[in-house]
Amino acid sequence: MGDFSLSSLTDLPLDLWVGGRAVPASDEGRFDVLDPATGEVLTSVANGTVDDAMACVDAAAAAAEAWAATAPRQRAEVLRRAFELMTARSDELAHLISLENGKALPDARGEVAYAAEFFRWYAEEAVRAAGSVMTAPSGANRIVVLQQPVGIAVLVTPWNFPAAMATRKIGPALAAGCTVVLKPASDTPLTALLMARILDDAGVPAGVVNVLPARRSGEVVSAMLHDPRVRKLSFTGSTEVGRVLLREAADQVVNCSMELGGNAPFLVFEDADLDAAVDGAMVAKMRNAGEACTAANRFFVHADVAADFSRRLADRMAGMVVGPGTDDATEVGPLVNEESAAKVDDLVRGAVAAGAQVVVGGGRPEREGFYYSPTVLVDVPRGAEILGEEIFGPVAPVVTFTDEDEVVAMANDTEFGLVSYVYTGDLARGLRVSERLDSGMVGLNRGLVSDPAAPFGGTKQSGIGREGGHEGMLDYLESKYVAVSW
Ligand code: NAD
């Protein structure tokens with residue numbers, strides 16, 4: 001699809017998607033969507049207002065009862081059709097993601113496959129919302145537990161996986177029988193709008209999925225969280241914004257699922273298969289140019305193998321093709337915006353000023369767009385800011401260690417707890433260390449953990465709740481207990 005252009009997507013809505021149709025913002029406002037490879041304007045979309053947010057909640061409320069009452073099999077089949085339509089349109093979707101987010105096409109294609117899989121998985125789960133029956137310990141009655149949809153859900157998603165973060169919420173919400181309002185990130189609203197069209201084509205009834213692009217995120221989300229009809233917030237984004245939304249949600253005691261930031265440690269023990277560890281590091285660091293909550297952020301490598309590991313990693317990073325995401329040869333696209341590229345640059349400069357050595361990269365290439373060169377830093381001092389912050393770019397800081405207790409303590413020394421990676425040839429050590437790492441997920445001799453069939457989520461300030469797997473649908477269901485005498 002070399003000749004892809006936005007205008008070839010004739011069914012892409014560029015307005016709000018409310019009650020099954022595209023509508024302009026109530027004040028007719030719009031905002032620009034930029035191409036991160038050039039900084040130029042791609043197009044504009046409607047800029048939702050608080051009134052529009054209320055119209056979305058009205059539409060979700062009008063559709064709620066009928067959708068919750070639909071046969072689970074029927075909801076399953078709609079989701080299955082959405083999986084098939086996404087798969088059929090995967091090339092268009094990948095190009096659209098690459099265009100507005102900047103990521104390289106192979107990453108965008110990977111995202112589309114991953115994103116579509118949430119619809120297939122939750123099509124399969126929709127018919128398995130099992131409750132339970134037991135006899136009360138006293139023998140006086142039966143305890144019947146039903147699973148019911150939690151209610152209208154507000155879904156707020158980030159720009160780094162514009163398709164997958166949406167389907168990971170919409171899939172289980174629809175399977176559970178909830179209606180939703182999706183507020184996509186302002187950098188990447190186009191993918192969410194195309195998803196609205198695809199879901200409509202798959203047979204999702206009007207009002208079940210509403211999409212509200214909005215620059216004034218705080219105002220529209222706050223208004224929805226203060227509407228008593230909204231019972232659920234599922235947020236993926238930074239821990240900073242997550243904290244704000246938890247406070248907002250407290251006013252109406254809205255049920256919250258939070259997928260927040262990460263600061264993943266990547267441990268390489270002296271007995272690891274170094275080829276496998278370098279391959280894993282490339283995936284864990286360079287998928288999406290490092291713009292992933294699961295990105296390896298701190299490399300802890302045993303002193304015996306640190307020089308070898310760092311050299312091999314630097315060779316691989318140096319060989320990567322940097323360019324516009326939509327070019328077929330590109331392996332590393334631009335970062336999403338100027339702010340991101342400048343933040344990565346600041347973190348690297350800070351590390352170097354503190355004593356780190358640059359093995360490869362270490363700056364922004366001389367070209368237009370929001371690029372950062374793949375970078376490996378060694379001798380990074382333990383207190384460096386780059387080890388405490390989410391880098392969200394193609395930079396691998398390496399720290400050496402000599403002792404298992406020491407590395408576990410360093411890995412856990414963060415407020416985040418999303419994912420950790422461990423490479424070792426000793427399975428017993430791998431499992432022992434996995435148990436000791438304080439994170440919701442561990443990649444053991446693997447640089448990629450994301451799987452729609454597995455529970456994704458974090459401990460500590462990386463979040464609350466799980467997405468994917470059987471657990472993912474439970475976040476959209478509420479147990480109702482009926483005490484029965486029979
Ligand atoms: P962000 O927190 O800036 O924005 C996320 C979403 O929240 C966007 O839609 C944004 O418009 C909206 N938002 C921002 N301020 C808001 C406010 N005051 N009220 C309501 N909504 C608001 O995050 P981002 O920069 O889009 O994404 C990157 C972050 O997301 C990183 O921290 C990354 O780790 C995290 N992330 C986490 C996961 C996970 O599953 N744990 C997955 C992907 C990304």
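A salt bridge between R168 and E467 is present, with a side-chain N of the basic residue lying under 4.0 Å from a carboxylate O of the acidic one. Using a cutoff of 4.0 Å between basic side-chain nitrogens and carboxylate oxygens, R21 and D15 are not scored as salt-bridged. Electrostatic pairing of D426 and R432 does not count as a salt bridge here, judged by no charged N lying under 4.0 Å from a carboxylate O. Residues E92 and R89 are paired through a salt bridge, judged by an N-O separation under 4.0 Å between the basic side chain and the carboxylate. Remark: R436 engages D405 in a salt bridge, criterion side-chain N to carboxylate O under 4.0 Å. Under a 4.0 Å N-O distance rule, the pair E389/K343 qualifies as a salt bridge. Ionic pairing of E406 and R382 is present here: one or more N-O contacts between side-chain nitrogen and carboxylate oxygen are shorter than 4.0 angstrom.
Counting only N and O atoms by type, the side chains of S257 and K169 include no donor and acceptor under 3.5 Å apart.
Contacts classified as side chain to side chain donor-acceptor pair (under 3.5 Å) and involving residues 57-79 (residues at least two apart or in different chains) are given here: D58-R229. Judged as a ring pair (Phe, Tyr, Trp, His ring centres under 6.0 Å), the pairs with a partner in residues 118-143 (not counting sequence neighbours) are, in order, Y114-F118. Residue pairs meeting the ring pair (Phe, Tyr, Trp, His ring centres under 6.0 Å) criterion with at least one member in residues 269-291, sequence neighbours excluded: F269-F401.
Closest non-hydrogen pair, N210 versus A59, comes out as OD1-CB, 3.5 Å.
Looking only at distances, a side-chain donor or acceptor of D273 sits under 3.5 Å from a matching main-chain atom of D275.
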Under 3.5 Å, which donor-acceptor pairs do the side chains of residues 189-208 form with other protein atoms, sequence neighbours left out?
| from | atom 1 | to | atom 2 | distance (Å) |
| --- | --- | --- | --- | --- |
| T191 | OG1 | E100 | OE2 | 2.5 |
| R197 | NE | D11 | O | 2.7 |
| R197 | NH2 | D11 | O | 3.3 |

Scan the side chains in residues 123-142 for donor-acceptor partners under 3.5 Å anywhere in the protein, sequence neighbours excluded, and list what turns up.
| from | atom 1 | to | atom 2 | distance (Å) |
| --- | --- | --- | --- | --- |
| E125 | OE1 | H470 | ND1 | 3.1 |
| R128 | NE | E124 | O | 3.4 |
| S138 | OG | A140 | N | 3.1 |

Pairs under 3.5 angstrom only: tabulate donor-acceptor contacts from the side chains of residues 147-166 to other protein residues two or more places apart or in another chain.
| from | atom 1 | to | atom 2 | distance (Å) |
| --- | --- | --- | --- | --- |
| Q147 | NE2 | S479 | OG | 3.3 |
| Q148 | OE1 | K480 | NZ | 3.0 |
| N160 | ND2 | E291 | O | 3.2 |

Quick one, R243 with T239, criterion side chain to side chain contact (heavy atoms under 4.5 Å, CB included). Give me CA distance, side-chain angles, the key distance, then yes/no.
CA-CA 6 Å; R243 287 190 198 105; T239 297; 3.4 Å; yes
Using side-chain hydrogen bond (donor to acceptor under 3.5 Å, both in side chains), reason through T49 and S26 one step at a time and then give a plain yes or no.
CA-CA 7 Å; T49 63; S26 57; 2.7 Å; yes
Does the side-chain hydrogen bond (donor to acceptor under 3.5 Å, both in side chains) test come out yes or no for N101 and T188, once each step is laid out?
CA-CA 6 Å; N101 164 285; T188 55; over 6 Å; no
Could you give me the CA-CA distance, side-chain angles and deciding distance for L225 and Q252, then say whether side chain to side chain contact (heavy atoms under 4.5 Å, CB included) is met?
CA-CA 7 Å; L225 293 178; Q252 304 267 352; over 6 Å; no
D27 and R216: salt bridge (charged side-chain N to carboxylate O under 4.0 Å, His left out), yes or no, with the steps?
CA-CA 13 Å; D27 64 357; R216 38 179 95 79; 3.6 Å; yes
